Amino acid sequence: MKRIGMLTSGGDCQSLNATMRGVVKGLNVLEGTVEIYGFIDGYKGLIYGNYKRLTSKDFSGILTTGGTILGTSRQPFKLMRTPDENGLDKVEAMKSTYRYLDLDCLVVLGGNGSQKTANLLREEGLNIVSLPKTIDNDLWGTDMTFGFQSAVDIATQTIDCIHTTAASHNRVFIVELMGHKVGWVTLHAGIAGGADIILIPEIPYDLKHVISAIQRRNEQGKHFTILAVAEGAISKEDAKLTKKQYKAKLAKRKHSTVGYELASQIEKATGLEVRVTIPGHTQRGGSPVPFDRVISSRLGVAAAELIAKEDYGKMLIMKGYDVATLPLEKTAGKLKYVSPDDQIVLQAKHLGISFGD
């Protein structure tokens, strides 16, 4: 009988429960009897031995439930080798918990930082199977992460709702969406929601071009403009700064977010009324959309298949609409960015969408 540990790490998303359910249901079919140990609040639970024994009943009825029944926390990878405030060696503590429970495998559901820690544990000799969780869809090697489509759905609904009020009041509306380093959510939601301007971190914008796009719409008799702006969007001017210089500039910035900064600049340049909407963590909440439920279930079962074959050290990925695997060491620590030359960007531009470049 196999003994399996499981944890959810980093930011939450809508499909974590659906994926864990897929793993457990798959193991029950493929292995029969298994013991499942869930670690509370991600790697923190593994470090401090905070876990609970779970049964199939714990995973019943959670397919449509957002969040995670295990809880989660952010444990920065760069601090994993740093002892805690009591001098505890975190890596040795995780290995000790794993061995105390005599686990055959640890299943990790997480994003970029979580995958780096999963790979670290693999290097330390633990059997790991990982699953690609992030609303940002920025894990290298997989075409799709679970949670992404659900986040895009909520972001798109926000833009949809803005359309009517924007048109009614002839205003400029900025919808600031999640995405510090990558712009996949903003790009997809912007296209799906009919945004006129999309600003993402990978394509630094020129404010003059943003202003021109707004003025061009006014000249065409379209007296409202909607901007979908990633929270990590950056101007061409700021993109030339070093990280240290940019951080110092942000510390002195009058406005709290890029959305409000842009609103102030656009109002000053055009005299138009500008409003900012930030859906924030609603993009992580609610029930997973059907697409996410399907790929989460499939990825979970695929993880169970790897465990049944004792094929460890892999991350499950989506290649097109097929499930595949990648060695953890090949994907951990790498981000998948939007390229200015990506087909989807070029096609968005042919729709008349401005990227401010």
Side-chain angles (χ1 to χ4, degrees), residues 9-13 72-80 109-119 130 132-152 154-155 174-191 195 197-206 227-251 253 255-262 278-284 315 317 330-342 344-345 348 355-357:
S9 175
D12 66 315
C13 77
T72 186
S73 66
R74 296 185 186 276
Q75 301 294 313
F77 173 75
K78 63 183 179 180
L79 298 178
M80 278 298 179
L109 294 79
N112 184 257
S114 302
Q115 300 299 337
K116 287 193 284 187
T117 298
N119 188 53
S130 72
K133 178 278 307 176
T134 170
I135 68 165
D136 294 314
N137 197 36
D138 63 352
L139 283 177
W140 185 89
T142 184
D143 292 339
M144 190 65 61
T145 59
F146 61 85
F148 172 67
Q149 289 294 344
S150 297
V152 168
I154 292 168
I174 294 173
V175 182
E176 185 180 314
L177 302 170
M178 283 188 166
H180 277 293
K181 295 180 179 179
V182 300
W184 290 112
V185 170
T186 303
L187 176 60
H188 280 247
I191 294 172
I197 299 169
I198 295 174
L199 304 181
I200 59 176
E202 297 93 330
I203 305 177
Y205 64 85
D206 185 325
L227 292 80
V229 179
E231 60 190 332
I234 188 171
S235 68
K236 288 186 176 181
E237 178 186 6
D238 288 343
K240 295 176 183 178
L241 302 175
T242 64
K243 287 185 178 180
K244 186 176 181 180
Q245 289 172 330
Y246 184 54
K247 189 175 181 180
K249 184 173 181 178
L250 287 180
R253 188 166 67 183
H255 301 281
S256 57
T257 73
V258 65
Y260 284 102
E261 180 80 4
L262 274 167
I278 304 178
H281 283 76
T282 63
Q283 293 163 88
R284 295 187 180 277
M315 181 176 83
I317 61 171
K330 287 190 176 181
T331 182
K334 298 179 183 178
L335 287 177
K336 179 181 67 181
Y337 295 99
V338 177
S339 168
D341 297 323
D342 280 343
I344 187 173
V345 174
F355 285 78
D357 59 338

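All of these numbers come straight from a predicted model, not from anything done at the bench.
In this structure a side-chain-to-backbone donor-acceptor pair under 3.5 Å is present from Glu202 to Gly183. Counting only distance, with no hydrogens or angles, the side chain of Thr72 and the backbone of Gly11 share no donor-acceptor pair below 3.5 Å. In this structure, Thr282 contributes its side chain and Pro279 its backbone to a donor-acceptor pair below 3.5 Å. Side-chain atoms of Lys336 come within 3.5 Å of backbone atoms of Asn137 as a donor-acceptor pair (strictly under, hydrogens ignored). Side-chain atoms of Gln115 come within 3.5 Å of backbone atoms of Gly110 as a donor-acceptor pair (strictly under, hydrogens ignored). With hydrogens and angles ignored, the 3.5 Å screen pairs a side-chain donor or acceptor of Lys133 with a backbone N or O of Ser9. For the pair Lys236 (side chain) and Gly356 (backbone), a donor-acceptor distance under 3.5 Å is absent. Here the side chain of Asn119 pairs no donor or acceptor atom with the backbone of Lys116 at under 3.5 angstrom. A donor-acceptor pair is defined here as one N or O able to donate and one able to accept, closer than 3.5 Å; no such pair exists between the side chain of Asp357 and the backbone of Asp206.
Around NZ of Lys330, the count of heavy atoms belonging to other residues, nucleotides or ligands within 6.0 Å does not exceed 12. For NE2 of His255, the number of neighbouring non-hydrogen atoms (other residues, nucleotides, ligands) closer than 6.0 Å is greater than 12.
The salt bridge (Lys or Arg N to Asp or Glu O under 4.0 Å) test applied to Asp238 returns Lys249, not counting sequence neighbours.
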